[in-house]
Amino acid sequence: MLSVPETTTGLKPEFIAVVDKIYRQMCNLQAGTRVLIITDSRTPRHVVTVFMGMAMAMGAVVSVSENFLAPPPADQPGFEWNPMVVAASREADLIVDLAVGYASFMAEAIERGAQIISPGDGTGGHHIEESLIRTMLDVDLYQMRREAIAIERLFTSASEVRMTSEEGTDFTMNIEGLKGIASHEFLWDPDTQTKILDWSALPPAAPGIVLPKFRGDGVVAADGFFLYSDLHQFPKSPVFLTFEKGKIVDIRGDDRLLVSRLNRWLDGIEGDTGRFGPVHFNLGINPKARLNEHPEFEKLRGTITMGIGDSSLLTRMWNGAGLEPVVSDVHWDFIVMRPTIHLDGKTICERGIMPEFKD
Ligand SMILES: [Fe+2]
C-alpha cells in the first residue's frame, strides 16, 4: 500500500484545472486580493508558477517568497523564521503555503484576518502536483464537504469517542462540550457566499476534533505511518502506545527499530512535552488519498490520524483560542489503518471501512 507518487519536471495540464478549482471554488479568489506564495526547494518551480500565474490571471496581486529549507515538520514548531517572509506575510490577504505549516507568524496572519491555503499541508513537496490531481480533480469536493460537516456534527454532539481495532486498540476520550471540526478545507462557503474558514490544508478532508490537554486513555495500536523527527516510518508490525490522561506513558512493539528511535527522540525533548496528546484526532474521508510520504496520508478514507505534542499553534490556527494547548518544540503524527470508531456508541467507521455517504 505504500506508494511513491509519480513525479515529473513537466507541467501536467490537469494541475492547472486543480489550481483553478482551488482558487475559484474553495477560496473565491477575487481581483485585487494580495496573494503571497511561500515556497522552498522541495516544491518544483512549475508548481509555484501555476499558483502564481493562475492568481495573476484572476487579477490578484501576487508575490512569491522562496526561502531556506525549514526543518522537518515534526521539529518545526520551535523554528525561527526568516524575518523577511514574516514581514511579507503581514501584507497578504491570502497566503498559499508551500513551505511553512505551523508557525507563529502564520497564526498571527490568521488572527489579523488573512486566510491561508496549504496545498500539501504546508510542506509542499516534489509530489504535490500528482497528489493534488489525484485527490481533488475527479473527487466530488462538495459531496466530501457535506460528509465532513455531518461527521463534525457527530463529534460535536458526542460526549465520548471510543476507538478499537483488531490490531489491539482500545482507546477512549471524553469529548463532552468540545466542538467537532469538519476540515472540508473550503475557505469559502458556496451556499451562503461567505468566508467560513481561516486555514485550509489540501487535499480534503479529515473531520475530527482538536483536544485540550489531558484527554485520552487506553492503548492505540498504530499500524500506519509515523511522522516524527525527520522520518516518515512505516512500522513492520503495530506499535502499541499506552495513554494515561492524555500522555503517552509506554511505547512498545515488535518493530524494535521504530520503537527505540521514537523513544530516543522523545526522551530528548525538554519537559517530556513530546509525549502529551492526542492534540488532534481526525478521520480521513478522501477516497483517492494514499499512504505515502506526502501529508495526504492524513486524508486516507477510513483511517485515524492522531497528533501528539505541540498544539499551541494548532489551536490558534485551526480552532481559535479557548482550549488549553500543549506547548512543545515538536509535533508528530501517526495513523491507525483499520479503526472502529464509536461516538457515544454510534459506529461511524468499522475496521477501516466507512459506508458510502448519503445526504
Ligand atoms: Fe498533526
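Each ligand, and each atom within it, is numbered from 1 in the order the structure gives. In what follows, residues are counted from 1 in the order of the sequence shown.
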Nearest-0.5 Å distance that lies between atom CG in Asp198 and atom CG in Leu187:
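So the CG of Asp198 and the CG of Leu187 are separated by 8.0 Å.
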With Asp189, the salt bridge (Lys or Arg N to Asp or Glu O under 4.0 Å) member among Arg145, Arg146, Lys195:
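Output: one option passes, namely Arg145.
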Quick check for you: within a radius under 2.8 Å, how many protein N, O or S atoms neighbour the Fe ion (ligand 1)?
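Considering protein N, O and S only, the Fe ion (ligand 1) has 3 within range.
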Does any N or O in the side chain of Arg34 come within less than 3.5 Å of the main-chain N or O of Ala92, such that one atom is a donor and the other an acceptor?
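Not at all, since once roles are kept as given, no pair shorter than 3.5 Å links the two residues.
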Cluster link Met136 to Val139, ILVMFWY, side chain under 4.5 Å
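Yes; Val139 is reachable from Met136 via cluster members.
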Under 3.5 Å side-chain donor-acceptor pair for Asn263 and Arg275:
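Yes, side-chain donor-acceptor contact under 3.5 Å.
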Taking distance alone, no hydrogens or angles, what donor-acceptor pairs closer than 3.5 Å link side-chain atoms of residues 235-245 to residues at least two apart or in another chain?
none

